[in-house]
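By convention in this document, chain letters (A, B, ...) are assigned in the order of the sequence lines, proteins followed by strands, and residues within each chain are numbered from 1.
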Protein chains: 2
Amino acid sequence: MDLTERKLKILQAVIADFVRTAEPVGSRTISKNYSLGSPATIRNEMADLEELGYLTHPHTSSGRVPSEKAYRLYVNDLMQKRELSQEQKDAIASELYQNVNELDNLIERAAHVLSEITNLTAFALSPGKEQDKLRYINLLPMDDYSVLLMLVSDSGKVSNTVVRLKAPASEETLRILAKNMTYNYSGKTLSEALKLDIIENFRNDAEAMSMFENAIAPSFIRTLEDMLNVNLYMDGLTNIFALPEYNDIEKARTFFEMINRKADITQKLISRGDGVEITIGRENQDADLSECSVITATYHVDGRLVGKLGVIGPTRMKYDEVTSVVEYLTDNISKAFMLTEGDDDDR
Amino acid sequence: MDLTERKLKILQAVIADFVRTAEPVGSRTISKNYSLGSPATIRNEMADLEELGYLTHPHTSSGRVPSEKAYRLYVNDLMQKRELSQEQKDAIASELYQNVNELDNLIERAAHVLSEITNLTAFALSPGKEQDKLRYINLLPMDDYSVLLMLVSDSGKVSNTVVRLKAPASEETLRILAKNMTYNYSGKTLSEALKLDIIENFRNDAEAMSMFENAIAPSFIRTLEDMLNVNLYMDGLTNIFALPEYNDIEKARTFFEMINRKADITQKLISRGDGVEITIGRENQDADLSECSVITATYHVDGRLVGKLGVIGPTRMKYDEVTSVVEYLTDNISKAFMLTEGDDDDR
DNA sequence: GTTAGCACTCTTCTTGTTTGAGTGCTAATC
DNA sequence: GATTAGCACTCAAACAAGAAGAGTGCTAAC
């Protein structure tokens, strides 16, 4: 089912025009702007392309619109990587190469600049921390009845919980507890720590044991889970208002409601493949995404922490440009993280 | 300019009907549903009310719509506090009385339940930390060239930054630095700490001094600022799609764009009065808010930490109900915070 | 002071018409 | 045999005219 040279060119022209204008593309337009033959010839070719499933017809007397199959062909075989413009690179640099307190902060900025450049809705997932190891555990007295439980992992992720006690704890007890917890958990990965039988280790100290069991342990688990949580950042939600696809208030509404189910989105993102992945229209399974395309890529930090970022938009999108930007961004996140930290020295 | 009893009743009826239906209210409707006289009488009264500025006329042959002045009168003099329904109380309880790691978490939930109950866009501002005192300062070695700077305030707020060093630091140096910082800053409020001349204190230790000046100090300031930041939580953004006021895509767009300028919103909220504050339409100053009403209230935690929460919606809103809910919520946040923490013991 | 009646206004809905972009097909042309 | 000109046909979108309906303001009667 190989397409002739001309058919490919016409298909590409239709895609290019439609992506730009969002209007069905007629034979006249193609004939005028690309020298591929007369309108009649183009029409014949288009009819063939339609029969092959690459183009569709909103109604008898309108121009052609690329099908998902056409976009897929374009993405797989036709499109070429684009070099980013200097402005785009600058925008990314000035957004990423700032001082950040936390890696999450950087990820958030990445989503921001991504949405600005692509004019689409962007999102980024903070790195999964499964492989993080506990590095520091402390119990800090706040007042008589409350203690701050603090955990730090070796990637610098900090999580903490205020624990309420039924009875005041002596500083000594807290010190022992913290020391004991450090001894038992430090160096373990977060997921390992969650699995250990945490009570076992305090058999020989009744007071510590009781406090640990009743108050600390549940908070400890909760804090570990909190550290494991990945965060989803989104930006550019209002960009869709500029798209004719979402001129219909109902469409806009469904989009926002879909994008608001953060847990779903997170899940969907996590389960996507590594590297750049493009899913078009109904390839996305989800009915709410059946008219959208999603482009994601995986970034690495330290060669160990791994997260995802990408955009979501109508199937009519600049696949070449967006793919290039997403790829460029993921390549630069790790670098940016190292550098921005280094910057502190120069302040 | 005192209104007669009947005029007041008619005005109230118009408001009630318009709030419910979003359609201009005609004299027939009022006459039918409230026994206040014949349509003709009502019409005469309405004409008077219009002259007095309480009602307006979209066009000659349509019913009346309450003006901002009418809503203001209603809010000030006519409306009565409503007792929350049991379901509403339950919804709030089940949302607030959960385990939370941080106060911010609770605030976020408050915004969530507020938007669910009112069907409007809700927001909540985490407490200002100006009065928080530094309780704990530590420097934790991560690897040879990076150190985790960690600050804890007495309200349990934790903030941290990974600091990159140019030269490796001995544990001893870090210990001394941390001790020194603790000595100098512990017990100071965050704002005080920001103002102190932080270099002065290390005159007598060249190595510590140099490291502090070059690497730690800037991060220290940044971390303090980070702790002082208030967070803005929003929920129920998509609720506006259900409102006829936002059937127009342009209106929806402006709303979202306005709500997306988080810094502006935060600023605007902070500058609002204490207690319950209601601003109607153009009372909000901001042009983007000229067709909205905003209801906010202040909550307290520990009698010291203070934040705000509220809703934003069209001027046509259930002022009585929303006010009651907002008030009820702020009253319960402090209680909930204490209780949820106590719950840990029972786990 | 209140109300019935009626002419009038203005929006909204429906229906019909026009316009224009674009197709498919046939026949002529290269 | 592929390409192109020509033409009839289709359909959406834009526009206009008319009908329906809700509601008003005013006058005159109660």
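At whole-Å resolution of the value, CZ in A/Arg64 and C1' in D/dT10 are 13 Å apart. If you measure from atom CD of A/Glu45 to atom P of D/dG1, you get 17 Å, rounded to the nearest angstrom. Atom CG of A/Asp48 and atom P of C/dC25 are 12 Å apart (whole Å). One can place CG of B/Asn44 at 11 Å from P of C/dG1, the figure rounded to the nearest angstrom. The interatomic distance linking A/Glu50 (CD) with C/dC25 (C1') rounds to 16 Å, in whole Å. Atom pair B/Glu5:CD and C/dG1:P shows a separation of 17 Å (rounding to whole Å applied). Taking atom CD1 of B/Ile30 as the reference point, atom P of D/dG23 lies 10 Å away to the nearest angstrom. Rounded to whole Å, atom C1' of D/dA22 lies 13 Å from atom CE of B/Met46.
Contact annotation: B/Thr41 side-chain N/O to C/dG1 OP1/OP2 distance is not under 4.0 Å. Not one side-chain nitrogen or oxygen of B/Arg6 sits closer than 4.0 Å to the OP1 or OP2 atom of C/dG1. Considering only side-chain N and O atoms, B/Arg43 lies nowhere under 4.0 angstrom from the phosphate OP1 or OP2 of C/dA4. Within the structure, a side-chain polar atom (N or O) of B/Thr60 is placed less than 4.0 Å from OP1 or OP2 of C/dC10.
Proximity note for B/Ser61 (side chain, C-beta onward) versus C/dC10, C/dT3, D/dG25: the nearest is C/dC10. Closest to the A/Ala40 side chain, of the nucleotides D/dT4, C/dG24, D/dG23, is D/dT4. For A/His57, the side-chain atoms get nearest to C/dT23 when compared with the rest of D/dC11, C/dT23, C/dT3.
Judged by distance alone, the side chains of A/Ser293 and A/Arg316 never bring a donor and an acceptor atom under 3.5 Å apart.
Checked against the 6.0 Å centroid criterion, the rings of B/Tyr233 and B/Phe123 do not qualify as a close aromatic pair. Checked against the 6.0 Å centroid criterion, the rings of B/Phe241 and B/Phe256 qualify as a close aromatic pair.
Note that CZ of A/Arg282 is 10.0 Å distant from OG1 of A/Thr315, once rounded to the nearest 0.5 Å.
Side-chain atoms of B/Ile259 and B/Ile265, non-hydrogen and from C-beta on, do get closer than 4.5 Å to each other.
With the nearest nucleotide of DNA chain C identified for both A/Ser27 and B/Leu36, B/Leu36 has the one nearer the 5' end.
A donor-acceptor contact under 3.5 Å is not formed by the side chain of B/Arg28 with the base of D/dG23.
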